[in-house]
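Please read the structure below before turning to the comments.
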Amino acid sequence: MTPHLTVCEFYSGIGGYHLALSSIPNLSFTVTAAFEISSNANLFYRHNFPDTNLLETNLCGLTAQKLDNIMRKGAVTLPSNSNTSPNNATSHSNSASATSHESATLFVMSPPCQPFTRQGCKKDNTDPRSESVLHLFDIFPDLQTTPDYFFIENVQGFESSVTRDIVMKFFKTHGYHVLEFLLNSNSLGIPNSRLRYYLLARKRPFSEEFTNQGILSTIPGYISSESPTPSLSTFLEKDPSGFDLSDTFLAKWGWVLDIVTPDSRRSCCFTKGYSVKAEGSGSVIQQTPDVGSSGQTDTTDSEETDIISCEQTESHASSDNISPSEQSPNRDQCLVTQGKPLPNNSRSLSNSRLEGEEFLTHMRSLKLRYFTPREIARIHGIPEWVGFPPGLSNKQLYKLLGNGLNVTVVKVLIERVLLS
């Protein structure tokens, strides 16, 4: 039986780790503390986990002694044999049979990703935004007891960073066994491309099927229950209003959009710039069933090509720090329209030249809209009981969700690998 977990969330965001743990059957855990510096993220977290000790603080001021005190004060009596609603209490027992008389400690974190991206100039450990995670791994050796488990998530690029090497030195020095993954959410039967780096560490060895394989791109032995991958219609709300793309936006940026339909089984990564940036921030939905002879709708026959295109778009054009006019798609893989390149991952047009008003008329005919925050939350594995705090705009929700985790992926990794 898995021991009762005492959990500490660093860079807790909207509570993705908390949600992932809550969704694992027969797991008993207590979140003793969550650390996050974003006020909006904390507003979201408190709305759904009001009893968690959520600390809006700079982690660079944390000491080993303070962390020991926080963990000790946050420890609670192990849950009795009763279910607890995950949005009403910090301590959870996900099943009546989940109670364990043993305990273990789990630290989870998603450090700032900008130091490891092209848009962040890949400053790595010299970037001020890396200071907090480097500080944490500087104080962890001074804890009274180092954690039994670690789970770290970041962007592709972290795996080749100096920061990662510093983290790995801590794990090697303290006898941890480590697994690394570069997983795309679409490999787990999720109709969305979200390539992320995951590091799992624990004090006992992993099973042989995971070891000596370098950085893994799949989870050995795991078969998704979602086979085949479900269509996006599974995640959509019925006739949402207020999410249509404006004529001004379509005329200026329509040629760079990634367009999907409710029947599509893929979509591009949703970033914090969704609805603000035109290129590389996520797909939009075509609401008309057929676009006629001048174009084509998304098909599942080109699924693999579309997934690759999404990954390229996310890697090369997902900047949240530059304007669409500064982003350059790969012109060797473009079709031509309106005198400009049309990326081949856009499903709005085929081999045609549409200009000016004709182009806008065609784009209007598609009845394009953004995914709603609730739809993106569903794609990211966030359950329906999770509420959106009053006062947060759609733009703010998109930013929080774009910065967040895919809860389903994290849940599978913790359940099937870290705790197995």
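- Arg202 and Ser207 make their closest contact through NH2-N, 4.2 Å (heavy atoms, listed as atom of the first residue, atom of the second, distance).
- For Asn192, the side chain to side chain donor-acceptor pair (under 3.5 Å) test picks out Ser267, with sequence neighbours left out.
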Self-check item: Pair Ser110-Tyr17, side chain to side chain donor-acceptor pair (under 3.5 Å): steps then yes or no
Solution: CA-CA 10 Å; Ser110 296; Tyr17 287 111; 3.0 Å; yes
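- A distance-only check finds a donor-acceptor pair linking the side chain of Ser185 to the backbone of Arg194 [under 3.5 Å].
- Annotation for Glu131: atom CD does not count as buried by contact number, only 12 or fewer foreign heavy atoms lying within 6.0 Å.
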Quiz prompt | Evaluation steps, side chain to side chain contact (heavy atoms under 4.5 Å, CB included), between Ile139 and Thr63 | solution = CA-CA 6 Å; Ile139 68 171; Thr63 65; 5.7 Å; no
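- Under the 3.5 Å distance criterion, the side-chain polar atoms of Glu9 are left unmatched by any main-chain donor or acceptor of Phe35.
- Judged by distance alone, the side chains of Glu237 and Thr372 do bring a donor and an acceptor atom under 3.5 Å apart.
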Practice problem: Decide side chain to side chain contact (heavy atoms under 4.5 Å, CB included) for Leu19 and Trp385; before the verdict, give the C-alpha distance in whole Å, the side-chain angles of both, and the deciding distance to 0.1 Å. | Solution: CA-CA 11 Å; Leu19 293 169; Trp385 62 260; 3.7 Å; yes
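- The aromatic rings of Phe49 and Tyr45 are tilted relative to each other, their planes meeting at an angle between 30° and 60°.
- Remark: Glu153 CD to Arg196 CZ distance equals 6.5 Å, nearest 0.5 Å.
- Taking the salt bridge (Lys or Arg N to Asp or Glu O under 4.0 Å) definition, one finds that Asp142 meets it with nothing, sequence neighbours left out.
- For Ser231, the side chain to side chain donor-acceptor pair (under 3.5 Å) partners at least two apart in sequence or on another chain are Ser233.
- Using modelled atom types and a 3.5 Å distance limit, the side chains of Ser393 and Tyr398 yield no donor-acceptor pair.
- Listed by first then second residue, pairs satisfying salt bridge (Lys or Arg N to Asp or Glu O under 4.0 Å) with a partner in residues 35-49 number zero, not counting sequence neighbours.
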Quiz item: Would His4 and Ser103 count as a side chain to side chain donor-acceptor pair (under 3.5 Å) if you check the C-alpha gap in whole Å, the side-chain angles of each, and the deciding distance to 0.1 Å?
Solution: CA-CA 5 Å; His4 177 83; Ser103 63; over 6 Å; no
Quiz item: Should Phe151 and Phe107 be marked as a ring-ring contact (aromatic ring centres under 6.0 Å, His included) after you check the CA-CA gap, both sets of side-chain angles, and the distance that decides it?
Solution: CA-CA 6 Å; Phe151 190 108; Phe107 282 6; over 10 Å; no
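- Checking Lys411 against Ser22 by side-chain atom types alone, no donor-acceptor pair falls below 3.5 Å.
- Remark: Asp138 engages no residue in a side chain to side chain donor-acceptor pair (under 3.5 Å) (not counting sequence neighbours).
- The side chain to side chain donor-acceptor pair (under 3.5 Å) test applied to Asn42 returns Glu56, not counting sequence neighbours.
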Quiz item: How far apart are the C-alpha atoms of Phe210 and Leu200, what are their side-chain angles, what is the distance that settles it, and do they pass the side chain to side chain contact (heavy atoms under 4.5 Å, CB included) test?
Solution: CA-CA 11 Å; Phe210 297 116; Leu200 287 63; over 6 Å; no
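- Checked by atom type and distance alone, the side chain of Thr261 pairs as donor or acceptor with a backbone atom of Asp263 at under 3.5 Å.
- A donor-acceptor pair is defined here as one N or O able to donate and one able to accept, closer than 3.5 Å; such a pair exists between the side chain of Thr126 and the backbone of Lys123.
- Closest approach of Leu368 to Gln286, counting heavy atoms only: CD2-CA, 3.7 Å.
- The minimum heavy-atom distance linking Leu182 with Ile215 is given by the pair N-CG2, 3.7 Å.
- Distance OG1/Thr218 to CG/Leu183: 7.5 Å, rounded to 0.5 Å.
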Quiz item: Are Leu245 and Val284 close enough, and set up right, to give a side chain to side chain contact (heavy atoms under 4.5 Å, CB included), and what steps lead you there?
Solution: CA-CA 9 Å; Leu245 276 66; Val284 296; 4.2 Å; yes
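- The shortest heavy-atom contact between Ala20 and Val410 is CB-CG1, 3.8 Å.
- Atom CD1 of Ile285 is separated from atom CG of Leu257 by 12.5 Å, given to the nearest 0.5 angstrom.
- Without hydrogens or angle criteria, Ser132 side chain to Cys60 main chain gives no donor-acceptor distance under 3.5 Å.
- A salt bridge links Arg364 with Asp247; the closest basic N to acidic carboxylate O contact falls under 4.0 Å.
- Surrounding CD of Glu209 are more than 12 heavy atoms belonging to other residues, nucleotides or ligands, all under 6.0 Å away.
- Here the NZ-NE2 distance, from Lys172 to His177, works out to 13.5 Å after rounding to the nearest 0.5 Å.
- Here the CG-CG distance, from Leu413 to Leu418, works out to 8.5 Å after rounding to the nearest 0.5 Å.
- In this structure, Pro228 and Arg265 approach most closely via the heavy-atom pair CG-NH1, 4.5 Å.
- When all heavy atoms of Leu366 and Ile259 are compared, the closest pair comes out as CD1-CD1, 3.9 Å.
- Test Asp258, Thr229, Leu232 against Arg266 for side-chain contact (heavy atoms from CB on, under 4.5 Å) and you get one pass: Asp258.
- Between Phe181 and Tyr197, a ring centre-to-centre spacing not shorter than 6.0 Å is recorded.
- Thr30 places no side-chain N or O within donor-acceptor distance of the main-chain N or O of Thr32, the cut-off being under 3.5 Å.
- A 4.5 Å side-chain heavy-atom check between Met109 and Val133 finds at least one atom pair inside the cut-off.
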Quiz item: Stepwise, does the ring-ring contact (aromatic ring centres under 6.0 Å, His included) test hold for Phe150 with Phe170?
Solution: CA-CA 12 Å; Phe150 277 89; Phe170 165 84; 5.8 Å; yes
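- When the shell of 6.0 Å around CD of Glu384 is examined, it contains more than 12 heavy atoms from other residues, nucleotides or ligands.
- At least one donor-acceptor pair under 3.5 Å links the side chain of His135 to the backbone N or O of Leu62.
- A ring-centre distance under 6.0 Å is found for Tyr370 and Tyr274.
- Applying the side-chain hydrogen bond (donor to acceptor under 3.5 Å, both in side chains) test between Thr163 and each of Asn125, Asp124, Asn154 identifies Asp124 as the sole match.
- Checking side-chain atoms of Asn406 against main-chain N and O of Val409 turns up a donor-acceptor pair under 3.5 Å.
- Residue Tyr222 holds its OH atom at 8.5 Å from CD of Glu415, rounded to the nearest 0.5 Å.
- The backbone N or O of Pro230 sits nowhere less than 3.5 Å from a side-chain atom of Thr234 that would complete a donor-acceptor pair.
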Practice problem: Run the numbers on Phe371 and Phe270 for ring-ring contact (aromatic ring centres under 6.0 Å, His included), then give the verdict. | Solution: CA-CA 9 Å; Phe371 283 77; Phe270 298 105; 5.0 Å; yes
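- Not a single donor-acceptor pair under 3.5 Å links the side chain of Asp127 to the backbone N or O of Gln114.
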